[in-house]
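First comes the structure, then the notes that go with it.
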Amino acid sequence: MNNNSKKHIIELENVHVSLKSNVETVNILKGINLKILKNNSISVIGESGAGKSTLAMTIAGLELISKGKIFFKGLAIHDLEEDELANYRSKNVGIIFQSFNLLPSMTALENVNLPNQISGVLIDDKKGTELLKSVGLKKRLNHYPHQLSGGEQQRVAIARSLISSPEIIIADEPTGNLDKRNSEEVMKLIFKLQSDFASTLILVTHDETIAKQCNKIIKLDNGLIVKDE
Ligand SMILES: Nc1ncnc2c1ncn2[C@@H]1O[C@H](COP(=O)(O)OP(=O)(O)OP(=O)(O)O)[C@@H](O)[C@H]1O
Ligand SMILES: [Mg+2]
């Protein structure tokens with residue numbers, strides 16, 4: 001257990017991610033050192049291909065690191081077995097993607113409940129309904145994704161990311177597929193929910209105005225942090 005683990009919810013020490021194909025090894029993250037304070041928001045910026053999504057997925061426990069250490073409240077994520085890692089993810093991490101990733105054959109409410117269904121937690125329609133209300137979709141509970149606008153679909157995805165009351169919310173370009181008005185609404189909502197749920201937000205974005213609304217901005221270039229402010 002590390003001294004600062006109470007304050008820092010996430011700590012990365014010299015994290016490398018390398019992906020091997022049969023031809024070559026690609027080094028994507030090349031030694032990331034990062035500490036994220038609990039209840040804070042950090043934005044991750046940088047050019048396309050810099051490694052932003054890879055960093056986000058590493059923290060989410062969806063990408064395995066090839067070298068270094070990663071801690072969640074002092075828990076060594078890099079040492080976890082696959083089932084323990086799945087448990088870490090489902091209990092502690094909510095993820096919002098650029099492309100919403102809703103299941104087309106499920107209603108809004110069923111999509112919100114899906115993470116619990118997958119991890120075998122009892123489905124609580126009341127909680128799912130409350131979350132959909134909190135993202136302004138009280139009247140859309142039984143709508144299917146194709147019956148919803150892009151902004152509404154992303155709000156369903158935001159509600160879904162919160163169903164397990166995760167301590168960490170990871171949003172990878174959550175407004176990338178939305179127009180200006182919907183982007184602003186979705187970001188307002190993400191920041192509000194982060195504050196209401198006292199969670200920690202890791203936000204990948206290309207939008208400087210959005211990045212500046214976070215407590216801290218880190219800039220990645222070619223697999224390394226080049227600015228941490
Ligand atoms: N599975 C993979 N195999 C090989 N290379 C990969 C793989 N996934 C990502 N990469 C490479 O790793 C680098 C970083 O990718 P990543 O998706 O993290 O970038 P990014 O900063 O999120 O970019 P963008 O802004 O375009 O989303 C890129 O050069 C990409 O081509
Ligand atoms: Mg990306």
Side-chain angles (χ1 to χ4, degrees), residues 1-17 28-45 51-97 115-116 118-122 124 127 131 134 157-172 174 190-205 211 213-220 223-225 228-229:
M1 187 71 96
N2 185 309
N3 274 344
N4 280 324
S5 55
K6 283 204 193 88
K7 267 196 332 193
H8 291 118
I9 186 163
I10 290 284
E11 292 179 75
L12 278 75
E13 290 174 15
N14 192 29
V15 163
H16 290 245
V17 171
I28 298 174
L29 299 183
K30 302 173 179 171
I32 301 281
N33 292 296
L34 178 64
K35 291 181 179 179
I36 302 174
L37 285 169
K38 200 167 154 48
N39 302 156
N40 263 20
S41 54
I42 75 152
S43 57
V44 182
I45 59 168
K52 304 181 297 295
S53 295
T54 306
L55 176 62
M57 292 312 117
T58 301
I59 295 169
L62 284 167
E63 188 80 70
L64 294 181
I65 68 177
S66 39
K67 189 177 152 191
K69 291 179 178 169
I70 172 162
F71 297 97
F72 167 74
K73 298 202 285 189
L75 172 76
I77 300 300
H78 51 276
D79 280 342
L80 297 182
E81 303 285 338
E82 187 49 52
D83 57 333
E84 295 168 326
L85 198 58
N87 191 39
Y88 156 72
R89 273 198 302 268
S90 66
K91 284 217 174 88
N92 305 299
V93 187
I95 309 180
I96 305 161
F97 297 98
N116 277 348
I118 291 171
S119 55
V121 174
L122 201 67
D124 180 0
K127 185 165 184 194
L131 281 169
S134 72
I158 292 168
R160 178 185 56 189
S161 78
L162 297 169
I163 192 73
S164 67
S165 309
E167 289 193 56
I168 306 171
I169 304 170
I170 294 179
D172 190 351
I190 290 177
F191 282 119
K192 180 181 184 302
L193 292 170
Q194 183 224 342
S195 147
D196 289 354
F197 287 75
S199 38
T200 303
L201 173 67
I202 297 158
L203 173 71
V204 175
T205 183
Q213 295 174 51
C214 291
N215 299 116
K216 172 173 162 143
I217 302 179
I218 66 161
K219 184 174 185 185
L220 283 188
L224 281 169
I225 293 178
D228 191 333
E229 57 192 31

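Atoms considered below: every heavy atom in the structure, side chains included; atoms not considered: hydrogens, waters and symmetry mates. Along the sequence shown, the residues carry numbers beginning at 1. On a predicted model such as this, the values are computed, not experimentally measured, just so you know.
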Can you tell if the side chain of [X] reaches within under 4.5 Å of the side chain of [Y], non-hydrogen atoms only?
X	Y	answer
Leu80	Tyr88	yes
Ser41	Asn215	yes
Leu34	Ile218	yes
Ile36	Thr200	yes
Phe191	Cys214	yes
Ile158	Leu193	yes
Pro174	Ile190	yes
Ile9	Glu167	yes

Please find the pair of heavy atoms, one from [X] and one from [Y], that lie closest to each other, and give the distance.
X	Y	value
Ser164	Asn116	CB-OD1, 4.4 Å
Ser199	Ile169	OG-CD1, 3.3 Å
Ala211	Thr205	CB-CG2, 3.9 Å
Gln194	Asn39	NE2-O, 3.3 Å
Ile45	Lys52	C-CD, 3.5 Å

With sequence neighbours excluded, what pairs up with [X] under the side chain to side chain contact (heavy atoms under 4.5 Å, CB included) test?
X	answer
Thr58	Val15, Val17, Leu29, Thr54, Glu63, Ile65, Ile70
Ser53	Asp172
Leu37	Lys7, His8, Asn40

Out of curiosity, [X] [atom1] to [Y] [atom2], how far, rounded to the nearest 0.5 Å?
X	Y	atom1	atom2	value
Ile170	Ile202	CD1	CD1	4.5 Å
Leu85	Ser90	CG	OG	10.0 Å
Phe72	Lys91	CZ	NZ	10.5 Å
Glu84	Leu75	CD	CG	8.5 Å
Ser119	Ile163	OG	CD1	10.0 Å
Leu162	Ser134	CG	OG	7.0 Å

Quiz item: NZ of Lys216: more than 12 outside heavy atoms within 6.0 angstrom?
Solution: yes
Practice problem: Return yes when atom NZ of Lys127 has more than 12 non-hydrogen atoms of other residues, nucleotides or ligands closer than 6.0 Å, and no otherwise. | Solution: yes
Quiz prompt | Salt-bridge present (Lys69, Glu11; N to O < 4.0 Å) | solution = no
Quiz item: Looking at Ile77, Asn33, Ile225, Ile59, which hits side chain to side chain contact (heavy atoms under 4.5 Å, CB included) with Leu12?
Solution: Ile59
Quiz item: Between the side chain of Ser66 and the main-chain N/O of His16, is any donor-acceptor distance below 3.5 Å?
Solution: yes
Quiz item: Any donor-acceptor pair under 3.5 Å linking the side chain of Asn87 with the backbone of Asp83?
Solution: no
Quiz item: Does the pair Ile95 and Leu62 meet the rule for a side chain to side chain contact (heavy atoms under 4.5 Å, CB included), with working shown?
Solution: CA-CA 11 Å; Ile95 309 180; Leu62 284 167; 3.4 Å; yes
Practice problem: Take Asn14 and Ile32, measure what side chain to side chain contact (heavy atoms under 4.5 Å, CB included) needs, and give me the verdict at the end. | Solution: CA-CA 5 Å; Asn14 192 29; Ile32 301 281; over 6 Å; no
